[in-house]
Number of protein chains: 2
Amino acid sequence: MRNTTNIFTEIANKINTKIKNGSYSIEQKLPSEYDLAKEFNVSRLTIRKAVDLLIKQNILIKQKGKGTYIMKQTDKFQSGKNGLLSFTESARAYGKTSKATLITFEKTTQLPEEVKENLQVQEEPVFHIKRLRFFDEDPMTIEEIFIKETLLDEATLEENITGSIFKLIEEKSDIAYSHQEIEAVLATDELSEFLAVEKGQPLLLVHTTTYSASGHPILFDKSYYRGDKYTFKNILHRI
Amino acid sequence: MRNTTNIFTEIANKINTKIKNGSYSIEQKLPSEYDLAKEFNVSRLTIRKAVDLLIKQNILIKQKGKGTYIMKQTDKFQSGKNGLLSFTESARAYGKTSKATLITFEKTTQLPEEVKENLQVQEEPVFHIKRLRFFDEDPMTIEEIFIKETLLDEATLEENITGSIFKLIEEKSDIAYSHQEIEAVLATDELSEFLAVEKGQPLLLVHTTTYSASGHPILFDKSYYRGDKYTFKNILHRI
DNA sequence: GTTTATTTGTTCGTATGTATT
DNA sequence: AAATACATACGAACAAATAAA
């Protein structure tokens with residue numbers, strides 16, 4: 001239940017609060033690790049872990065011999081910032097509501113090679129779900145999800161077919177990471193109709209394969225995003 | 001000169017070698033931190049730092065109480081960093097060469113609002129470089145780079161105008177991180193001609209703003225990638 | 001241009017806590 | 001319930017990069 005009773009997370013939160021209310025914003029530089037350790041009455045190593053956490057969250061950045069700086073923030077939303085998020089979660093991060101309507105649902109063994117490869121299946125039945133997803137009332141994405149039948153209970157899935165599949169999966173499996181590819185494509189007749197754009201408009205096509213820690217593929221997802229409404233944001237670090 | 005005389009990088013390399021030659025690949029699981037510490041004759045903290053490094057490079061993944069696993073690799077390319085690939089990195093990863101030809105070069109104060117905002121300039125002169133970049137002999141990207149005049153020596157820039165601008169900048173400034181946005185657009189007349197695609201084909205448009213640690217914008221870059229030839233790859237972590 | 005102070009980076013040791021099987 | 005494995009936290013010391021004197 002997210003009972004993080006560790007010190008460095010507490011410290012990280014305190015530092016974050018200070019950043020937000022402007023206590024540390026002088027020249028965008030933080031006190032030294034030693035000073036912070038004194039201020040919060042913890043060891044320097046704990047400060048370093050707190051700072052590491054804030055660096056992972058793209059809030060701080062360090063430079064050897066110089067100091068720790070507050071990172072330039074985008075006012076917008078970053079898809080990578082909070083790690084791996086479901087559509088539902090990213091909508092929330094955006095301050096929007098999300099909903100989904102079902103287009104098709106089937107259990108099948110007739111699968112494109114791409115799906116077989118990514119899920120590492122031969123003849124096993126796979127759930128194939130095609131849904132239209134909204135940010136507030138705007139159609140945003142058509143997503144096709146493929147999951148091995150063994151990973152979900154069919155009755156439970158059908159009950160929650162327009163809800164968060166991610167959550168359903170996490171009740172049984174342990175999602176660790178995803179491989180993702182982004183490319184640009186043109187809206188076909190079918191896509192343009194669902195997404196309420198003209199045929200021939202540009203779309204972002206995102207293929208995602210999601211794995212457990214032990215490297216077993218859990219989910220394959222092919223999503224088409226409206227190119228005029230959706231942007232992927234990312235932060236890259238030097239070194 | 002990359003004189004990394006720290007132990008954990010050495011250990012990380014050794015572990016990486018063992019992974020590659022298959023020594024650790026049994027069930028995709030590594031020995032415990034204690035065992036690794038014993039094996040390499042270092043403290044457990046050093047092992048943890050080595051493992052952390054390999055996690056950052058998307059080579060390993062840990063799960064509390066369970067163990068450390070080898071991450072599923074894409075046969076194509078796996079980004080070592082926080083996500084997206086640079087043009088040069090990508091070319092190398094595909095076993096291709098990259099080159100650039102100059103389209104236009106000017107020093108100007110007439111700038112689009114987008115550039116002024118991102119570089120935080122008003123009337124200062126800015127170098128504006130427009131180049132066409134190739135994978136082997138295929139035109140792949142049109143990139144427009146904007147840099148404040150004060151950050152580069154004009155003569156040096158002109159000499160290296162088809163080389164790595166990034167490297168030039170790093171001689172004077174300290175690049176720390178970038179903010180990047182990816183969207184899908186359609187090829188205009190000009191773009192389609194240079195990229196040798198038909199007008200109306202989908203392109204990936206990537207805006208990148210690069211900052212120093214102290215949060216000063218250094219470079220603004222607007223690149224158009226052929227949607228049919230280029231794919232961005234990304235690895236996302238849960239949590 | 002060299003030295004000095006500051007700041008982050010590395011590495012050890014030790015002990016205890018928490019999650020998983 | 002016990003064993004295993006990762007997580008947290010302290011203290012201490014030295015190294016390396018940077019900036020200021």
Side-chain angles (χ1 to χ4, degrees), chain A residues 1-15 24 26-56 60-71 170 172-174 176 212-214 237-239, chain B residues 1-15 24 26-56 60-70 170 172-176 212-214 237-239:
Chain A
M1 276 285 122
R2 292 282 169 216
N3 187 22
T4 35
T5 44
N6 59 11
I7 300 176
F8 73 80
T9 307
E10 289 299 321
I11 305 287
N13 289 336
K14 283 181 192 172
I15 293 176
Y24 284 151
I26 319 118
E27 276 289 22
Q28 301 195 296
K29 197 172 170 179
L30 251 66
S32 77
E33 293 173 350
Y34 288 107
D35 291 344
L36 288 169
K38 217 174 290 175
E39 179 182 344
F40 292 108
N41 210 34
V42 293
S43 77
R44 182 175 160 230
L45 218 60
T46 305
I47 292 293
R48 283 176 65 81
K49 288 208 72 176
V51 169
D52 278 353
L53 191 60
L54 292 170
I55 288 172
K56 260 186 212 157
L60 293 178
I61 186 156
K62 284 198 287 189
Q63 216 149 78
K64 185 174 176 178
K66 289 180 82 172
T68 304
Y69 297 83
I70 297 167
M71 217 162 164
E170 282 194 318
K172 278 200 170 185
S173 313
D174 233 358
S212 68
S214 50
H237 288 261
R238 194 63 181 156
I239 295 169
Chain B
M1 275 279 124
R2 292 280 168 218
N3 187 20
T4 35
T5 42
N6 57 12
I7 301 176
F8 74 82
T9 307
E10 288 300 319
I11 305 287
N13 289 336
K14 284 182 191 170
I15 293 176
Y24 284 152
I26 318 116
E27 275 289 24
Q28 301 194 295
K29 198 172 169 177
L30 249 65
S32 77
E33 294 176 346
Y34 291 107
D35 291 343
L36 288 170
K38 216 174 293 175
E39 180 180 346
F40 291 108
N41 208 36
V42 293
S43 79
R44 191 174 152 232
L45 189 60
T46 304
I47 292 294
R48 283 175 65 80
K49 290 205 71 177
V51 169
D52 278 353
L53 188 61
L54 293 169
I55 287 171
K56 259 187 214 156
L60 294 178
I61 187 157
K62 283 199 289 189
Q63 214 148 79
K64 187 174 175 176
K66 289 180 83 172
T68 304
Y69 297 85
I70 298 168
E170 281 194 318
K172 275 200 171 187
S173 313
D174 232 358
I175 290 173
S212 69
S214 51
H237 288 262
R238 192 68 176 152
I239 293 169

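In what follows, every chain begins at residue 1, and chains take the letters A, B, ... in the order their sequences are listed.
The nearest whole Å value for the distance from the NZ atom in A:Lys38 to the P atom in C:dT6 is 11 Å. The distance between atom OH of B:Tyr69 and atom C1' of C:dT21, rounded to the nearest whole Å, is 10 Å. The distance between atom CG of B:Asp174 and atom C1' of C:dT7, rounded to the nearest whole Å, is 15 Å. Computed from coordinates, the A:Lys29 NZ to D:dA20 C1' distance equals 11 Å when rounded to whole Å. What separates CG of B:Asp52 from C1' of C:dT11 is a distance of 14 Å, to the nearest Å. In this structure, A:Asn6 places its CG atom 13 Å from C1' of D:dC6, rounding to the nearest Å. One interatomic measurement links the two molecules: CG of A:Leu30 to P of C:dT6, which rounds to 18 Å at whole-angstrom precision. Rounded to an integer number of Å, the gap from B:Ile11 CD1 to C:dT10 P is 14 Å.
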Distances under 3.5 Å between nitrogen or oxygen atoms of protein and nucleotides 10-12 of chain D:
unit_1	atom_1	unit_2	atom_2	d
D:dC10	OP2	A:Ser43	N	3.3
D:dC10	OP2	A:Ser43	OG	3.0
D:dC10	OP2	A:Thr46	OG1	2.1

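In this view, A:Thr46 and A:Ser43 satisfy the side-chain hydrogen bond (donor to acceptor under 3.5 Å, both in side chains) rule, not counting sequence neighbours. In this view, B:Gln63 satisfies the side-chain hydrogen bond (donor to acceptor under 3.5 Å, both in side chains) rule with no residue, not counting sequence neighbours. By the side chain to side chain contact (heavy atoms under 4.5 Å, CB included) test, B:Asp52 pairs with B:Ile55, B:Lys62, sequence neighbours left out. Residues satisfying the side-chain hydrogen bond (donor to acceptor under 3.5 Å, both in side chains) test with B:Ser212, not counting sequence neighbours, are B:Ser214.
Judged by closest nucleotide on DNA chain C, A:Asp35 is the one of A:Asp35 and B:Lys49 placed further toward the 5' end. For the pair A:Phe8 and A:Gln63, nearest-nucleotide mapping onto DNA chain D gives the more 5' position to A:Phe8.
Side-chain N/O atoms of A:Lys64 include none lying less than 4.0 angstrom from OP1 or OP2 on D:dT18. Residue A:Arg48 has a polar side-chain atom (N or O) positioned under 4.0 Å from OP1 or OP2 of C:dG9. One finds a side-chain N or O of A:Lys62 lying less than 4.0 angstrom from the OP1 or OP2 phosphate oxygen of C:dG9. Between D:dC6 and B:Thr68, a contact under 4.0 Å exists linking OP1 or OP2 to a side-chain N or O.
In this structure, the separation between OG1 on B:Thr68 and CZ on B:Arg48 is 9.0 Å, given to the nearest 0.5 Å. If you take CG on A:Leu36 and CG on A:Asn41, they are separated by 12.5 Å, rounding to the nearest 0.5 Å.
Judged by distance alone, the side chain of B:Lys49 and the main-chain N or O of B:Ile7 form no donor-acceptor pair under 3.5 Å.
In this structure, C:dA5 forms a base pair with D:dT18, meeting either the Watson-Crick or the G-U wobble geometry with both donor-acceptor distances under 3.5 Å.
Within 4.0 Å of A:Tyr34, counting heavy atoms only, lies at least one base atom of the nucleic acid.
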